[in-house]
Number of protein chains: 2
Amino acid sequence: MPRREREQQIIDVGVRVFAKRGYHAASVDEIAELAGISKPMVYLYLDSKEGLFLACLRRESDRLVAAFQGAARAGGAPEERLYAGLAAFFVFVAAHRDSWVLLHRQAAELGVTIAAAVAEVRRLVMAEVAGLVGDGITDSGHGSVPGGAGTGGPGAPPGGTDAGRGALLGAEDADFVAHALVGAADTLADWMKRHPGQSPDGIALRLMNMVWVGMRHVLDGEVWTPPDA
Amino acid sequence: MPRREREQQIIDVGVRVFAKRGYHAASVDEIAELAGISKPMVYLYLDSKEGLFLACLRRESDRLVAAFQGAARAGGAPEERLYAGLAAFFVFVAAHRDSWVLLHRQAAELGVTIAAAVAEVRRLVMAEVAGLVGDGITDSGHGSVPGGAGTGGPGAPPGGTDAGRGALLGAEDADFVAHALVGAADTLADWMKRHPGQSPDGIALRLMNMVWVGMRHVLDGEVWTPPDA
């Protein structure tokens, strides 16, 4: 078997075992045995337990990013692409629960290097989502408005209850919405696990409806303010 | 100094040191020294490093829950209480960054017991948010509608693109919105750290505007669907 194929086979097993046992409790012995290969061979190919874990993380994060970007870049209006990206995310998590456990839960368990690698993936996705949200804002004819929170920067007013009106308008606002969406999607991945009757694309659609419909109305000037504001 | 006061003092230092160094790298020696107390005394009061960490987690999670509930239960319409709760959350995180690092990042680093304790706090907050969202739905005269996703259960249709219409209507839907909100708030706590010019209540208000305005419109039948649906 060629080296690359053999490595992929070890990584397949690694993802499964790390997700099941956690990084510290997982043993290279078990991974080698399940992969039908000797332990020295695992070390020869992937260097160490940490090297193996990193290879697992890297492959699964590449797959997740590819799934998201493949869907989000397929064309259409920004909101369609955002929906397609979200749906691809939920489909990926539903189909690759072990990968998600690795990326979402276990990376935090580990050292700074690994946490930084995962944070980088998150930044990539976040930037892509913020781009789509920003495009959606621009396409609807609502550009950045002077004085809106979008002008941001050190000179910007300190927020307060003014932040409601004109809040969803600039690049900073697109970044805000992207953070809210990505955070919501993270947590809804857990929700999805407890609601197996709900389809991934149905969940993406509900999330779009919560956020996109509201964003459009806020852009049109409909703003909720607390009664004492 | 009475025992309880002494313990609180050790916990104060513990929160700071654990947040700065992480659980594994933190040393009881350093905590004892900074608290101006002997190491055996720390063990006498808090049993072990894990015992100390658990005491830190417990106190900070109690404080966070108390801040959230104090604000969210103060009275007013459900959406005002939800906003007040969200604002209290962001105010807490801004003022107690170390507590948040402990609760949000480092608990994952540790064993199943600790992770379960933190998950329980999250469930408490989630249930409270879901209650407010549910009350908001009921107050607006939109009850649970037969056939909506809210009827849920094993017999419910498998979602798909039908999940958009009538999606935000029942207890399950309130739970869905609560998960999205809590996940968004988690991630926006990071965003807030990188945008020190933005006030916590301004961030809460922007989040309310994204979600609440959209939810109201969806309840009124305005639904976004992808073009091929």
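Chain letters run A, B, ... following the sequence lines, proteins first and then strands; every chain starts at 1.
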Inset, instruction - Please round to the nearest 0.5 Å and tell me the distance separating atom CG of B:Leu102 and atom CZ of B:Arg59. - result: 10.5 Å
Legend entry - A:Met192 portion near chain B, given a 4.5 angstrom heavy-atom threshold: neither
Inset, instruction - Please examine the side chains of A:Phe176 and A:Val133, heavy atoms only from C-beta on, and report whether any two atoms are closer than 4.5 Å. - result: no
Legend entry - side chain to side chain donor-acceptor pair (under 3.5 Å) partners of B:Glu128, counting only residues at least two apart: B:Gln69, B:Arg73
Legend entry - Toward chain B, the part of A:Arg194 with a non-hydrogen atom under 4.5 Å: side chain
Inset, instruction - Heavy atoms only, distances under 4.5 angstrom: which of B:Asp175, B:Leu207, B:Leu181, B:Val211 has the most pairs with chain A? Name it, please. - result: B:Asp175
Inset, instruction - Quick one: sort the B:Phe89 and B:Trp100 rings into parallel, tilted or perpendicular, breaks at 30° and 60°. - result: perpendicular
Legend entry - Closest-packed option against chain A by number of heavy-atom pairs under 4.5 Å, given B:His179, B:His195, B:Met208: B:His179
